[in-house]
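First comes the structure, then the notes that go with it.
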Amino acid sequence: MDTSHIAAAALTHLDRLIGFDTTSRDSNLALIGYVENFLWEHGVASHRVANDDGRKANLYATIGPAVEGGVVLSGHTDVVPVDGQDWASDPFTLTRRGDRLYGRGTCDMKGFIALALAIVPEVARGSVARPLHLALSYDEEVGCLGAPSMIRALVRDLPPPLAVIVGEPTNMEVVSGHKGIASWIVTVRGHEAHSSLTHLGLSANMVAVKLMHALGEIAADLERAADPHSPYHPPHATLTIGMINGGTAVNILARECVFMFDLRTPAGHDPKAIIVPFEALCAAEDVAMRARFPDAGVVVTRRSLTPSFALQPDSPAEALARRLAGDNGAPRAVSYAAEAGQFQEAGFSTIICGPGSIEQAHQPDEYLEVAQFERGVAFMARLDEALR
């Protein structure tokens, strides 16, 4: 089968998609509008699922008959920031150097979205027996926040599909499981005073250090409890403190300290249960602080809760994706989180498979190898045939 026209179309789409700065802090509506117009040109209606303020939107669409047994191609439209990164070329201009395609989102994961769009005309003008569904989300990079509202719409509106393929970068190898991720924001409010007069105030930073030490102990316990047969690397649940911001001057007892941490758990681990002892400590500190200064205290806010993606090696999605990718390897699991767990939790048979390497994701000079793009083209061509 000659797939050169699919490859050319995918490259054109990738060029356009990279040109949209869809950093998670910003709107993705320009990209969504581009996809809507493209689908409309091919007679395909699409549906938006907007966020609360209307600045961002998910989008889903069906190409082909409204029957059961279709395939969902899912990708997130947002990308991570380029702030402070040293790029050799404009991150929002697709640039080819040698056998690599450079640009923010090339592998994570606009390359997959470009491939999915390139196959739309093939499916739209063909006589397919089962439909192709597209599902594009927002805010995956900041906690998989956008997909749940879209997934609810898919459950409500779509005939049950055979499989969901989430196109995160896997080197076009099938990935059957991922860890879940939950994140929390801890806000410690102290009482300002001169640092020489500690009896007249309460340092939010000093309390925060105590709380962060407790998280470090939990992280160490999780590492000691690692399952030696776990498919993940590292094999255990991991807890890390990613951001800390506290205090105004070295000689002032800190008025406020805010820190954020995330907990990544293999399937079968309840992140909320793991954090119970920490929440109890925070509650005790809150009571003690308020007893001294009513304006002081500790507030713990859960920011995100993305479920793990459990291995189901005999699932319809796994069988289909392995056939399309030509993959006969052992079941694989990854330590990063993705939207696959959310689809699986909603009852969809799900798999992860997409072009590019996660090692290039989020890096300066992010790139997608041309060979990976070509493997993605072949994957999509086989999918078109499978739907007939």
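Smallest separation of non-hydrogen atoms from Ser74 and Phe112: O-CE2, 3.5 Å. The nearest pair of heavy atoms linking Phe379 to Leu324 is CE1-CB, 3.5 Å. Closest heavy-atom contact between Ile244 and Cys257: CG2-SG, 4.2 Å. Nearest heavy-atom pair, Thr106 versus Ile18, reported as atom, atom and distance to 0.1 Å: N-CD1, 3.7 Å. Nearest heavy-atom pair, Gly180 versus Ala337, reported as atom, atom and distance to 0.1 Å: C-CB, 4.4 Å. Closest non-hydrogen pair, Tyr138 versus Val49, comes out as CE2-O, 4.0 Å.
For the side chain to side chain donor-acceptor pair (under 3.5 Å) test with Ser137, the passing option among Gln342, Glu339, His76 is Glu339; the others fail. When the options Arg100, Gln85, Arg104 are evaluated for a side chain to side chain donor-acceptor pair (under 3.5 Å) with Glu366, the one that passes is Arg104. The only member of Arg25, Lys56, Arg55 that meets salt bridge (Lys or Arg N to Asp or Glu O under 4.0 Å) when paired with Asp139 is Lys56.
Here the side chains of Val67 and Pro131 are in contact, with some heavy-atom distance below 4.5 Å.
Not a single donor-acceptor pair under 3.5 Å links the side chain of Thr12 to the backbone N or O of Ala10. The backbone N or O of His233 sits less than 3.5 Å from a side-chain atom of Ser335, completing a donor-acceptor pair. For the pair Asp327 (side chain) and Val174 (backbone), a donor-acceptor distance under 3.5 Å is present. The backbone N or O of Thr170 lies less than 3.5 Å from no partner atom in the side chain of Arg332, so there is not a single donor-acceptor pair.
Side-chain contact of Ser149 with Asn58: a donor-acceptor pair under 3.5 Å is present, judged by distance alone. For the residue pair Asn28/Thr22, the side-chain donor-acceptor check at 3.5 Å is not satisfied. Of the N and O atoms on the side chains of Thr23 and Asp21, at least one donor lies less than 3.5 Å from an acceptor on the other residue. Looking at Tyr60 and Asp157, their side chains do bring a donor and an acceptor atom within 3.5 Å of each other. Counting only N and O atoms by type, the side chains of Thr93 and Asp90 include a donor and acceptor under 3.5 Å apart. With hydrogens and angles left out, the side-chain atoms of His178 and Tyr232 include no donor and acceptor closer than 3.5 Å. Inspection of the His362 and Asp108 side chains reveals an N or O donor paired with an N or O acceptor under 3.5 Å. Checking Ser176 against Glu318 by side-chain atom types alone, a donor-acceptor pair falls below 3.5 Å.
Applying the 4.5 Å side-chain rule to ILVMFWY residues, one finds Leu197 in the same cluster as Leu200. Ile185 forms part of a hydrophobic cluster together with Met243, Val258, Met260, judged by ILVMFWY side-chain heavy-atom separations under 4.5 Å.
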Identify every side-chain donor-acceptor pair in residues 263-282 under 3.5 Å, counting partners at least two apart or on other chains, and give the distances.
unit_1: His269; atom_1: ND1; unit_2: Pro266; atom_2: O; d: 3.4
unit_1: Asp270; atom_1: OD1; unit_2: Lys272; atom_2: N; d: 3.0

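Using a 4.0 Å cut-off between a side-chain N of Lys or Arg and a carboxylate O of Asp or Glu, Arg255 and Glu192 qualify as a salt bridge.
Between Phe38 and His13, the two ring planes are perpendicular [angle over 60°; tilted spans 30° to 60°]. Between Tyr367 and Tyr102, the two ring planes are tilted [angle within 30° to 60°].
Taken from CG in Leu117 to OH in Tyr34, the straight-line distance is 6.5 Å, to the nearest 0.5 Å.
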